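Have a look at the structure below, then the notes.
Here is how names work: the chains are called A, B, and so on, in the same order as the sequence lines, proteins then strands, and each is numbered from 1. Computed from a prediction, not measured in an experiment: that's the story for all the values here.
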Amino acid sequence: MSDLKKKLQMGFDAPAPIRKEEFLEHLNISENANKSNLEGFLFSQIGYISKSAWVFSLLSLIVAMLGIRYSDQHMIWIISGMTPLLALSIATESSRSERYGMAELEATTKHSLASVVLARLFIISIADLVAMLVITLIGYKAIGRTAVPTMLYVITPFLISVFLELYSVRKLRGRQSFYACIAISFLVSLSIYFIEFEFKTLYKPEFISAWVAAAILALIGVMVQGRKIIKNTEEIVVWNWL
Amino acid sequence: MLDLQEQYDKIYRYCYFKLYDRNLAEDITQETFLKYYEHYSFNNENTALKHLYTIARNLCIDEFRRTKTESIDESTVELPYENDVTDKLAIKNAIRRLNDDEKELLLLRYVNELNVGSIGEMLGISRFATMRKIKVAVKRFKEELRKEDMHE
């Protein structure tokens with residue numbers, strides 16, 4: 001320990017607190033009660049996720065499955081282009097409170113807005129990942145490709161869409177962000193169809209490293225944007241205390 | 001996971017050196033923890049510390065406003081450990097002559113061992129500005145120590 005630190009610690013020597021143990025004992029009981037309620041809290045949030053988010057995810061999954069069933073063996077791009085639509089449910093759910101002008105009100109409730117948004121995004125992300133896993137597992141045999149590239153083709157457009165949509169949710173206000181998310185999903189989806197239809201190069205084996213790079217970059221982007229959204233919602237709470 | 005025992009002492013010390021009142025400092029420390037747990041059920045340590053200090057700071061400011069005292073005159077406050085060794089008294093005197101902002105920065109950085117980023121976020125200034133202010137505060141503290149005939 002440096003000499004400066006020692007001197008400062010000596011100088012800032014406060015008298016011992018008197019009611020510490022009693023208070024912390026009481027606080028620990030409340031904290032343990034909160035922890036045991038975590039699972040209940042997560043389950044309770046399932047009911048609050050909008051039905052349209054579930055319906056939309058389910059429709060995207062069904063369309064992708066139909067694509068696998070009825071399309072040509074090499075038409076992976078049909079399934080790949082569908083996943084950005086799955087991303088819509090994540091983006092719209094993350095901005096719902098803000099869109100309806102309820103963000104500040106929700107921030108003053110027992111569970112902060114940050115934990116509510118985080119819980120809902122966690123639930124939808126798990127549901128979407130399961131959907132994509134199902135698409136990959138069924139798709140890679142039907143399409144005649146190996147599992148890893150199929151997974152990449154399915155997950156990369158999804159991650160790119162989530163990244164762009166979370167960015168727009170952070171930057172735009174109210175219903176603007178909702179429309180921007182719809183536009184982004186369709187834009188990513190149509191771009192994939194257009195590039196593949198025009199150039200027929202996107203799904204060639206020599207481009208696999210580009211897909212890996214795109215997936216990693218998009219994943220980092222999603223994590224950064226997600227972190228910023230949670231931070232913003234936490235700041236609403238701090239702002240309320242000022 | 002946040003060490004509550006350790007953080008209680010640190011928040012209490014922070015409040016004590018803002019208010020110079022043992023009971024009031026402890027009341028505000030407890031209110032800080034209660035307010036924190038009212039709003040956050042789970043969180044990481046860095047975020048938790050930032051919020052705990054922000055709440056404590058705001059509650060201390062509220063207390064100043066309530067008592068209509070912008071800055072407590074420390075020379076009138078009876079410090080409990082004044083009968084300690086001469087060195088300790090000299091250090092306390094040197095600290096006493098620093099301004100409130102300098103005292104706050106030194107306490108947060110070197111006594112409560114908060115990182116520069118968290119201090120900056122809490123005070124609403126950049127990391128660079130925080131580092132610069134800490135450097136100035138350290139320099140001032142060393143100057144005051146020299147006046148007390150103490151080598152750094």
With a 4.5 angstrom heavy-atom cut-off, which part of B:Asn23 approaches chain A: side chain, backbone, both or neither?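 For B:Asn23, heavy atoms of backbone and side chain both lie under 4.5 Å from chain A.
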
Using 0.5 Å steps for rounding, measure from the [atom1] atom of [X] to the [atom2] atom of [Y].
X: A:Lys20; Y: B:Gln5; atom1: NZ; atom2: CD; answer: 4.5 Å
X: A:Phe23; Y: B:Leu4; atom1: CZ; atom2: CG; answer: 9.0 Å
X: B:Lys142; Y: A:Lys7; atom1: NZ; atom2: NZ; answer: 9.0 Å
X: B:Phe141; Y: A:Leu8; atom1: CZ; atom2: CG; answer: 4.0 Å
X: B:Gln30; Y: A:Leu24; atom1: CD; atom2: CG; answer: 8.0 Å
X: A:Phe12; Y: B:Leu106; atom1: CZ; atom2: CG; answer: 5.5 Å

Should the pair B:Asp27-A:Arg19 be classified as a salt bridge under the 4.0 Å nitrogen-to-oxygen rule?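 Salt bridge present between B:Asp27 and A:Arg19.
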
Would you list the pairs meeting side chain to side chain donor-acceptor pair (under 3.5 Å) in which at least one residue belongs to residues 125-134 of chain B, sequence neighbours left out?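 Applying side chain to side chain donor-acceptor pair (under 3.5 Å) to every pair that reaches into residues 125-134 of chain B, excluding sequence neighbours, yields nothing.
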
Qualifying side chain to side chain donor-acceptor pair (under 3.5 Å) pairs, either residue in residues 214-226 of chain A, two or more places apart: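 Side chain to side chain donor-acceptor pair (under 3.5 Å) check on residues 214-226 of chain A returns A:Arg170-A:Gln225.
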
Heavy-atom closest pair, residues [X] and [Y]:
X: B:Phe17; Y: A:Asp13; answer: CZ-N, 3.6 Å
X: B:Arg22; Y: A:Ala16; answer: NH2-O, 2.9 Å
X: A:Pro17; Y: B:Tyr8; answer: CB-CE2, 3.8 Å
X: A:Ala14; Y: B:Tyr16; answer: CB-CD2, 3.6 Å

Out of A:Gln9, A:Met10, A:Lys6, which residue meets the side-chain contact (heavy atoms from CB on, under 4.5 Å) rule with B:Ile91?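 That would be A:Met10; it is the only one of A:Gln9, A:Met10, A:Lys6 passing the side-chain contact (heavy atoms from CB on, under 4.5 Å) with B:Ile91.
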
